[in-house]
Protein chains: 2
Amino acid sequence: MKRVTIHDVARSAGVSRQTVSRALNDKAEIDGGTKQRVLDAARTLGYRPSRFARGLVRQDTVTIGLVIPDLRNPFFTEIAASALEAARARDWHVVVHDTADSPEREIGTLRVIGSQVDAVVGYFSQSEEEIERHVAGLPVVFLGREHRNPRFSSIRIDGEAGIAAAVDHLVAAGHTRIGMLDHNRRNEPSIRQRWFRTAAASAGLVLDPGWILGANQSVDGGALAFEALHAAHPEITALLTFNDIIAIGALRRARQLGLRVPADLALIGFDGLELGALIDPPLTSVAIDTNRLGTLAIEDVARLLAGDRAAAPEDLVVRGALRLRGSA
Amino acid sequence: MKRVTIHDVARSAGVSRQTVSRALNDKAEIDGGTKQRVLDAARTLGYRPSRFARGLVRQDTVTIGLVIPDLRNPFFTEIAASALEAARARDWHVVVHDTADSPEREIGTLRVIGSQVDAVVGYFSQSEEEIERHVAGLPVVFLGREHRNPRFSSIRIDGEAGIAAAVDHLVAAGHTRIGMLDHNRRNEPSIRQRWFRTAAASAGLVLDPGWILGANQSVDGGALAFEALHAAHPEITALLTFNDIIAIGALRRARQLGLRVPADLALIGFDGLELGALIDPPLTSVAIDTNRLGTLAIEDVARLLAGDRAAAPEDLVVRGALRLRGSA
DNA sequence: CTGAAAGCGCTAACAC
DNA sequence: GTGTTAGCGCTTTCAG
């Protein structure tokens with residue numbers, strides 16, 4: 001299985017390697033007949049140019065690594081699709097990695113990807129130091145998380161106003177006992193939970209600590225967590241969730257338990273997935289513009305790659321907006 | 001923005017380039033102190049090995065191109081996720097392309113990808129000749145479609161038995177006027193439609209040609225097409241669809257039109273998406289094991305890459321199986 | 001343990 | 001029009 005090189009083609013066609021190169025790259029200065037002969041020889045031999053040799057000599061092709069915790073979560077799918085689209089417009093290649101939300105995988109991914117791409121975009125749970133150690137010098141754009149390292153950048157997801165609007169909406173509808181299903185990663189409260197607490201406080205609500213529970217980021221996770229929450233605190237009449245997937249699980253379980261949504265339980269998710277419009281009742285949610293998120297990320301990678309500084313943090317923000325549908 | 005090369009690091013550390021290489025690649029034969037000095041110099045200079053130069057000399061790293069018509073369709077998301085997973089197990093890189101179901105984009109993708117990967121997997125609408133022209137010599141594994149070129153391969157989706165089971169199920173429930181919402185690409189009936197016709201004939205059903213209509217592959221497409229179909233042929237009591245996305249659109253529109261599902265309209269999709277379980281009523285569907293599909297594809301790429309022939313066609317099949325949920 | 005030489009496969013510059 | 005000469009940046013012999 002020896003590799004066929006440009007040399008073999010040249011010999012077979014009875015020309016120099018340079019001429020082969022010219023024929024293959026559609027250069028002008030070449031005789032029609034010669035060109036055809038070379039092309040035929042190449043085809044016969046099954047010749048394929050080495051992308052490495054080619055990349056080495058003409059320093060174009062940009063490849064970026066996109067790191068996603070869970071491609072099957074529609075929120076990340078949308079981000080990936082948007083980023084792909086933005087990258088395509090620049091003729092960049094994107095290698096995609098799904099870390100399955102696992103820190104070990106994340107490290108493995110970084111190590112592998114780190115030596116094969118020109119920049120990295122994505123979701124990471126590791127510390128910046130740890131990441132830096134593996135990508136050594138690569139530009140990195142974080143999604144939904146802050147950064148310190150000046151060679152990095154980040155697209156922030158700001159749900160503060162959106163969540164405040166959600167809480168106000170619930171309060172206006174008469175709810176006072178509002179719970180939250182947060183994520184449960186590292187047993188650390190999410191920033192979204194903090195926004196919720198702040199909004200609740202501003203609205204004059206007093207939150208029972210038991211009203212906030214962690215859930216796995218999946219439909220089942222939401223269902224399970226809601227069941228537990230409802231059993232312990234049946235007094236809750238409204239619920240915010242870390243994301244739409246969890247909300248959907250909660251909504252289903254709530255209905256299975258005989259609760260009417262939104263009459264008995266008002267529900268507001270986070271993400272604003274299209275998927276939310278398909279369920280019954282349609283899910284009210286704090287919507288994130290994933291398209292903007294993906295596009296901003298790619299744009300900022302372009303800046304970093306060009307040696308410029310990242311855009312100003314205030315321009316690298318995607319703000320959540322309350323999207324009223326049927327569940328609240 | 002001159003590139004820092006191994007040479008610069010060598011000079012800065014006062015050693016030869018090979019020594020730098022040894023330090024960076026954790027080779028054994030090197031003095032601890034020297035190594036540290038080199039590593040420090042590399043870090044200070046912000047040195048990053050060129051993936052091209054490295055790839056040129058050690059012919060490992062495999063990159064495959066995954067071509068998907070629409071990442072936002074969960075069916076393709078699942079395939080992508082599975083393929084990514086299978087590729088990760090082999091330490092392969094996967095560059096993902098979304099062709100947005102457009103033939104022009106598909107060609108563009110092939111051209112770009114063709115020179116940057118070692119093999120291609122995906123969905124294509126172009127002819128094999130056209131594809132061959134752009135990827136010149138690359139192994140290609142088609143998803144859900146046959147192939148002729150011996151250097152290609154394909155994973156077939158066989159829904160014949162599944163669709164027959166679906167039709168039988170409907171007939172057993174007393175349905176005789178069964179419609180179908182097919183895809184509408186190139187105005188060509190899909191193979192799934194053929195399976196449907198065959199199954200219907202076997203069941204002794206006589207199909208009115210007007211009962212089969214094309215739909216865009218989206219929720220809205222399904223809704224629109226169903227509305228048209230229902231308006232023209234209200235006598236239809238059961239419906240098969242090209243895929244689940246279309247089915248979901250049809251189901252929603254049917255309910256909006258006051259039809260009860262499955263009482264007034266029994267509905268069976270194709271794909272078996274998890275998503276189908278979330279809607280109301282849960283969607284009955286001919287389910288495809290996307291995980292197997294993605295895994296088989298990657299396995300066969302491995303064969304082709306190793307210079308072996310593709311596996312036997314009868315082993316490269318994913319069969320649809322009727323998954324009963326609530327809609328039929 | 002370290003350096004010198006050779007070459008991976010290709011293309012850009014310059015010759016002819 | 002076509003061939004020759006140089007590298008692109010790295011690792012792999014093989015000497016020392």
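Quick note on labels: first sequence line is chain A, next is B, and so on, each numbered from 1. Since this is a predicted model, take the numbers as computed values, not measurements.
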Peer 1: Without hydrogens or angle criteria, can the side chains of A/H93 and A/T63 be said to hold a donor-acceptor pair below 3.5 Å?
Peer 2: no
Peer 1: On DNA chain C, does the nearest nucleotide to A/Q18 precede the nearest nucleotide to B/R37 from the 5' side, or the other way round? Give the residue.
Peer 2: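 Mapping each residue to its closest nucleotide by heavy atoms, the 5'-most match is B/R37.
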Peer 1: So what does B/S16 touch, heavy atoms closer than 4.0 Å: a base, only the sugar-phosphate, or nothing?
Peer 2: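 Base contact - B/S16 has a heavy atom under 4.0 Å of at least one base atom.
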Peer 1: Just the rounded figure in Å: distance from C1' of C/dC8 to NE2 of A/H7.
Peer 2: 14 Å
Peer 1: In terms of side-chain heavy atoms, does A/Q18 have a donor or acceptor partner in A/S16 at a distance below 3.5 Å?
Peer 2: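 No, no side-chain donor-acceptor pair sits under 3.5 Å.
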Peer 1: Nearest nucleotide by nearest heavy atom, which residue falls closer to the 5' end of DNA chain D, A/R22 or A/R17?
Peer 2: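 It is A/R22 whose nearest nucleotide is closer to the 5' end.
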Peer 1: What is the distance, to the nearest angstrom, from the CG atom on B/L24 to the C1' atom on D/dG9?
Peer 2: 13 Å
Peer 1: Is a donor-acceptor contact shorter than 3.5 angstrom present between the side chain of B/R51 and the base of D/dG9?
Peer 2: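 Absent.
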Peer 1: Can a donor-acceptor pair under 3.5 Å be found between the side-chain atoms of B/R48 and the base atoms of D/dG9?
Peer 2: no
Peer 1: Check the phosphate of C/dG9 against A/S50, side-chain N and O only, distance under 4.0 Å to OP1 or OP2. Yes or no?
Peer 2: no
Peer 1: Using atom CZ of B/R58 as one end and atom C1' of D/dG9 as the other, report the distance to the nearest whole Å.
Peer 2: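 Those two atoms, CZ and C1', are 13 Å apart.
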Peer 1: For B/D26 and D/dT12, give me the distance from atom CG to atom P, rounded to whole Å.
Peer 2: 13 Å
Peer 1: The side chain of A/T34 is closest to which nucleotide in this list: C/dG9, C/dT11, D/dT2?
Peer 2: D/dT2
Peer 1: Between B/T19 and C/dC1, is there a side-chain N or O to OP1/OP2 distance below 4.0 Å?
Peer 2: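 Negative; the distance criterion is not met.
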Peer 1: Are OP1 or OP2 of C/dT11 and a side-chain N or O of A/R54 less than 4.0 angstrom apart?
Peer 2: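 It does, given that an N or O in the side chain of A/R54 lies less than 4.0 Å from OP1 or OP2 of C/dT11.
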Peer 1: Rounded to whole angstroms, how far apart are CD1 on A/I6 and C1' on C/dG9?
Peer 2: 8 Å
Peer 1: Phosphate oxygens OP1/OP2 of C/dC1: is one of them under 4.0 Å from a side-chain N or O of B/K35?
Peer 2: no
Peer 1: Can you give the donor-acceptor pairs under 3.5 Å from side chains of residues 41-48 of chain B to other protein atoms, not counting sequence neighbours?
Peer 2:
unit_1	atom_1	unit_2	atom_2	d
B/T44	OG1	B/D40	O	2.6
B/R48	NE	A/A136	O	3.0
B/R48	NH2	A/G114	O	2.6
B/R48	NH2	A/V135	O	3.4

Peer 1: Out of C/dT2, C/dG7, D/dC8, which nucleotide sits closest to the side chain of B/V57?
Peer 2: C/dG7
Peer 1: Please determine, for the side chain of B/K27, which listed nucleotide (D/dT2, D/dG9, D/dT12) has the closest atom?
Peer 2: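 For the B/K27 side chain, the nearest candidate turns out to be D/dT12.
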Peer 1: I'd like to know if B/R51 and A/D118 make a salt bridge, using a cut-off of under 4.0 Å between side-chain N and carboxylate O.
Peer 2: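 Salt bridge flag = yes for A/D118 with B/R51.
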Peer 1: Within a 6.0 Å radius of atom CZ on B/R309, are there more than 12 heavy atoms belonging to other residues, nucleotides or ligands?
Peer 2: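 No, not enclosed.
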Peer 1: With the side chain of A/L56 defined as its heavy atoms from C-beta on, choose the nearest nucleotide among D/dC8, C/dA12, D/dT11.
Peer 2: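 My answer, after comparing the listed nucleotides, is D/dC8.
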Peer 1: If I take atom CZ in residue A/R11 and atom P in nucleotide C/dG9, what distance separates them, rounded to the nearest angstrom?
Peer 2: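 Going from CZ in A/R11 over to P in C/dG9 covers 12 Å.
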Peer 1: Side chain of A/V15 only, heavy atoms from C-beta on: which candidate in C/dA12, C/dT2, D/dG3 is closest?
Peer 2: D/dG3
